[in-house]
J.: 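Quick one: the structure is below, questions incoming.
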Amino acid sequence: MSAVISTVEPAEETVRPESRAWKKLKASKSALLGFAIVAFFIGIAVAAPILPIADPAATSWSVVRKAPSAVHWLGTDEIGRDILSRMIWGAQASLMAGVVSVLIAVLVGVPFGLISGYFGGWIDQVISRITDALLATPFLILAIALAAFLGPSLTNAMIAIGLSAMPIFVRLTRGQVLSVKTEDYVEGARAVGLAHFAIMARYILPNVFAPVLVQATLTVATAIIAEASLSFLGLGQQPPAPSWGSMLNVAKNFMTQAPWMAWWPGAAIFLVVLGFNLLGDGLRDALDPRET
Amino acid sequence: MLSYIARRLVIAVPTLILVSVFVFVLQKLLPGDPALVLAGEERDPEVLEFIREKYRLNDPVIYQYFHWMKAMLQGDLGISLRTQQPVATLIADKLPVTIQLAIMAMVIAFAIGIPAGILSAVHKGTAVDYIANFIALSGLSIPNFWLGIMLILLVSVQLGWLPASGYESPFTDPVKSLQTMIMPGFVLGTALAATLMRHTRSAMLGVMKADYIRTARAKGVLENAVIIKHAFRNALLPIVTLSALLFGELLAGAVLTEQIFTIPGFGKLIVDAVFTRDYAVVQGIVMCTAAGFILMNLIADVLYFLLNPRMRSSL
């Protein structure tokens with residue numbers, strides 16, 4: 001982080017927008033809090049295999065539905081598995097689902113948005129109408145329908161969520177392209193005879209980057225909730241593999257006998273989603289060129 | 001005005017047609033022979049042939065689409081495999097329940113979101129603003145199905161104040177109906193309240209900078225009157241149009257909320273349909289929500305026109 005800042009002379013008259021954004025981001029307490037939360041969850045998800053925790057799949061009939069204790073910090077579930085361990089392994093599923101589905105949405109959506117905005121005409125008409133049609137179906141209902149048709153699995157849930165989130169990126173990119181394509185430097189690139197692809201990659205794509213990054217961060221938050229929702233409905237991660245959503249699905253059957261089974265997964269989803277939302281909001285404020 | 005609505009309608013039609021193509025193609029991509037599914041235990045080739053003829057499965061796909069489309073335009077969304085009832089009837093039965101839930105959620109969302117947004121804008125940069133913003137962001141981040149579980153644990157299991165689940169029509173027992181709807185309405189309303197709060201705040205902040213606010217203050221109007229009569233009235237415009245657009249979120253949120261509180265509505269219908277592989281119902285629901293969403297978009301546009309006096313003169 002600091003390396004980026006130190007490359008810029010403080011006395012320099014034209015401060016590079018990236019460094020100004022970094023400064024603003026670092027000055028925002030809520031963005032830093034968001035970053036810390038996200039980093040914490042990524043940390044435990046990555047470290048899951050080496051952490052000294054119980055096997056998330058190991059069942060034990062002697063400790064079925066035990067309340068949190070010194071041995072099982074977060075308690076045990078309906079077949080005696082350690083909830084802390086399942087929470088940590090479940091972080092992998094949640095974060096991966098959030099990130100992979102947004103990657104799908106970005107990798108599919110941004111090129112279509114670029115093409116749609118850059119070329120205009122009938123190509124734009126076709127892509128825009130398809131985007132409208134996809135946006136006309138509420139996100140979660142589209143994801144549920146897609147997951148239902150694809151069949152229940154974590155991979156399919158990620159595809160379903162990615163495709164449902166994709167139209168937002170098409171629309172966002174298209175709008176951004178429209179606003180820069182008449183700029184002089186784009187006209188100039190065209191005048192010197194650069195190929196369309198080169199113009200898009202070199203002069204248009206960089207302008208799309210900031211808003212897409214902000215939207216992607218916020219969409220990871222939405223995607224994590226969507227994955228949890230699909231898993232909660234039984235359309236995501238399949239048992240016995242741990243996932244916060246499917247843990248809640250089981251927990252709702254033991255609400256009176258073992259309420260702690262429901263506490264932790266939901267709290268974790270809430271925290272990680274809050275983290276991504278704080279980070280996304282912070283990024284938006286930092287990258288907004290209108291405010292200085 | 002009319003030509004504007006007409007233009008919007010003209011755009012809405014190809015969008016709906018595209019949705020129908022998606023929905024139809026999805027079904028065609030399903031593995032397995034639908035005739036075999038429909039026949040159930042029956043494996044008699046004659047029966048299979050009869051079914052293929054009856055459902056036009058031997059026709060080219062494009063014919064099948066047009067046939068399906070024609071039926072749909074006449075209000076025939078197909079037959080549920082599970083209950084053998086027309087899909088249109090199923091949806092018509094469940095929709096009022098979800099609409100009741102949605103209205104409840106909207107009322108709660110407005111009651112919380114708008115005052116919070118105004119307070120936050122008026123006290124911009126103070127502790128009130130930060131707290132309101134943090135609560136709003138939390139409301140956006142909390143998975144509503146978990147909030148539902150936690151509320152049931154607290155309010156129904158621990159305190160025993162409200163029933164944990166069930167549904168009662170407001171026409172048979174209004175009190176019980178309200179009791180069963182408060183918690184789900186709140187759960188569904190939280191995310192909306194948060195969205196409304198954030199939009200109210202930014203709309204108010206925008207309006208508060210306007211010249212007419214300074215004028216109102218200069219001529220000695222009481223601050224509360226400035227906020228409510230002068231500022232809020234003008235900030236209301238984007239809020240009202242936003243509310244129409246939030247309809248889609250309500251429907252999607254209702255899927256999980258209804259699941260938690262076992263409310264026999266639209267959302268439960270789609271989940272049950274997904275699990276029994278009742279694809280005709282899933283298709284019907286996706287088509288209906290898309291049509292509803294497009295309609296709400298249209299209403300939002302029209303409202304924007306009607307509520308904004310400056311737009312009215314351009315009719």
Side-chain angles (χ1 to χ4, degrees), chain A residues 29-30 34 125-126 128-152 218 221-222 224-226 228-230 232-235 244-245 248-249 251-252 255-256 259 261-263 265-278 281, chain B residues 11-12 14-23 26-27 29-31 130 133-134 137-138 140-150 152-153 156-158 164 247-253 255-256 259-260 267 270-271 273-275 277 279 282-283 285-287 289-294 297:
Chain A
K29 284 198 189 76
S30 56
Q125 281 298 321
V126 170
S128 294
R129 288 294 84 75
I130 293 176
T131 312
D132 282 351
L134 286 172
L135 280 173
T137 319
F139 178 71
L140 191 63
I141 290 188
L142 187 60
I144 289 175
L146 281 173
F149 281 98
L150 291 168
L218 295 171
T222 319
I224 288 175
I225 291 201
S229 308
L230 289 182
F232 180 72
L233 295 173
L235 292 169
W244 296 341
L248 276 174
N249 186 17
K252 76 169 193 297
M255 264 195 283
T256 43
M261 280 173 65
W263 294 343
I269 299 168
F270 168 61
L271 261 180
V272 77
V273 169
L274 184 70
F276 275 105
N277 275 332
L278 284 169
D281 276 1
Chain B
I11 300 180
T15 308
L16 261 182
I17 291 176
L18 268 171
V19 174
S20 75
V21 172
F22 289 152
V23 167
L26 265 183
Q27 180 209 27
L29 289 177
L30 274 182
Y130 287 125
N133 267 304
F134 194 78
L137 202 62
S138 305
L140 284 178
S141 305
I142 203 161
N144 66 3
F145 52 101
W146 183 60
L147 182 63
I149 294 177
M150 291 294 112
I152 291 178
L153 269 177
S156 304
V157 178
Q158 292 287 328
F247 168 80
E249 270 179 48
L250 272 176
L251 273 185
V255 174
L256 289 153
Q259 201 64 17
I260 297 286
I270 186 172
V271 173
V274 161
F275 280 104
R277 311 209 157 264
Y279 294 111
V282 178
Q283 284 180 321
I285 288 176
V286 173
M287 276 313 294
T289 41
F293 195 69
I294 291 171
N297 262 289

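From a predicted model like this one, the values you see are computed outputs, not experimental measurements.
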J.: Relative to chain B, which segment of A/A251 carries a heavy atom at a distance below 4.5 Å: side chain, backbone, both, or neither?
T.: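 A/A251 has no heavy atom closer than 4.5 Å to chain B.
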
J.: With a 4.5 angstrom heavy-atom cut-off, could you sort out which part of B/F134 is near chain A: side chain, backbone, both or neither?
T.: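 B/F134 touches chain A through side-chain heavy atoms alone.
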
J.: Out of curiosity, A/L233 CG to A/L140 CG, how far, rounded to the nearest 0.5 Å?
T.: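 Interatomic distance, A/L233 CG to A/L140 CG, rounded to 0.5 Å: 7.5 Å.
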
J.: Under 4.5 Å from any heavy atom of chain A, what part of B/I149 do you find: side chain, backbone, both or neither?
T.: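 Both the backbone and the side chain of B/I149 come within 4.5 Å of chain A.
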
J.: Among A/G266, A/A262, A/S30, single out the residue with the greatest number of heavy-atom pairs under 4.5 Å to chain B.
T.: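 Highest number of pairs under 4.5 Å: A/G266.
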
J.: For residues B/P143 and A/I269, report the shortest heavy-atom separation together with the two atoms involved.
T.: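 In terms of heavy atoms, the two residues are closest at CG-CG2, 3.5 Å.
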
J.: Please report the shortest heavy-atom distance between A/L134 and A/L142, naming the atom on each side.
T.: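 Closest pair (atom of A/L134, atom of A/L142, distance): O-CD2, 3.9 Å.
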
J.: In terms of heavy-atom pairs under 4.5 Å, which option from B/Q259, B/M287, B/Q283, B/M150 contacts chain A the most?
T.: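 Max contact count across the listed options: B/M150.
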
J.: Indicate the atoms forming the closest heavy-atom contact of B/L18 with A/I130, along with that distance.
T.: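 Smallest interatomic distance, heavy atoms only, reads CD1-N, 3.6 Å.
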
J.: With only heavy atoms counted, which part of A/A145 is less than 4.5 Å from chain B, the side chain, the backbone, both or neither?
T.: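 Looking at A/A145, backbone and side chain both touch chain B.
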
J.: What heavy-atom pair brings B/W146 and A/W263 nearest, and what distance separates the two atoms?
T.: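 Between these two residues, the closest heavy atoms are CZ2-O, 3.3 Å.
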
J.: May I ask you to name which of A/A221, A/A267, A/G245 has the most heavy-atom pairs under 4.5 Å with chain B?
T.: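 Answer, by heavy-atom pair count under 4.5 Å with chain B: A/A267.
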
J.: Tell me, out of B/L153, B/I294, B/V282, who's got the most heavy-atom pairs with chain A below 4.5 Å.
T.: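 That would be B/L153.
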
J.: Which one, A/P265, A/G234, A/G275, A/S229, leads in non-hydrogen pairs under 4.5 Å with chain B?
T.: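 Highest number of pairs under 4.5 Å: A/S229.
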
J.: Could you state the interatomic distance from CZ (B/F145) to CD1 (A/I225), rounded to the nearest 0.5 Å?
T.: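 So the gap between those two atoms works out to 7.5 Å.
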
J.: Which pair of non-hydrogen atoms, one from B/I17 and one from B/S20, has the smallest distance, and what is that distance?
T.: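 Shortest heavy-atom separation between B/I17 and B/S20 comes out as O-OG, 2.5 Å.
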
J.: With a 4.5 angstrom heavy-atom cut-off, which part of B/I260 approaches chain A: side chain, backbone, both or neither?
T.: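 Contact with chain A is through the side chain of B/I260 alone.
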
J.: If you apply the rule side-chain contact (heavy atoms from CB on, under 4.5 Å), what do you find for A/T222 with A/F276, and how did you get there?
T.: CA-CA 9 Å; A/T222 319; A/F276 275 105; over 6 Å; no

J.: Select one option (side chain, backbone, both, neither) describing which atoms of A/L146 are under 4.5 Å from chain B's heavy atoms.
T.: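 Answer is side chain: those atoms of A/L146 sit under 4.5 Å from chain B.
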
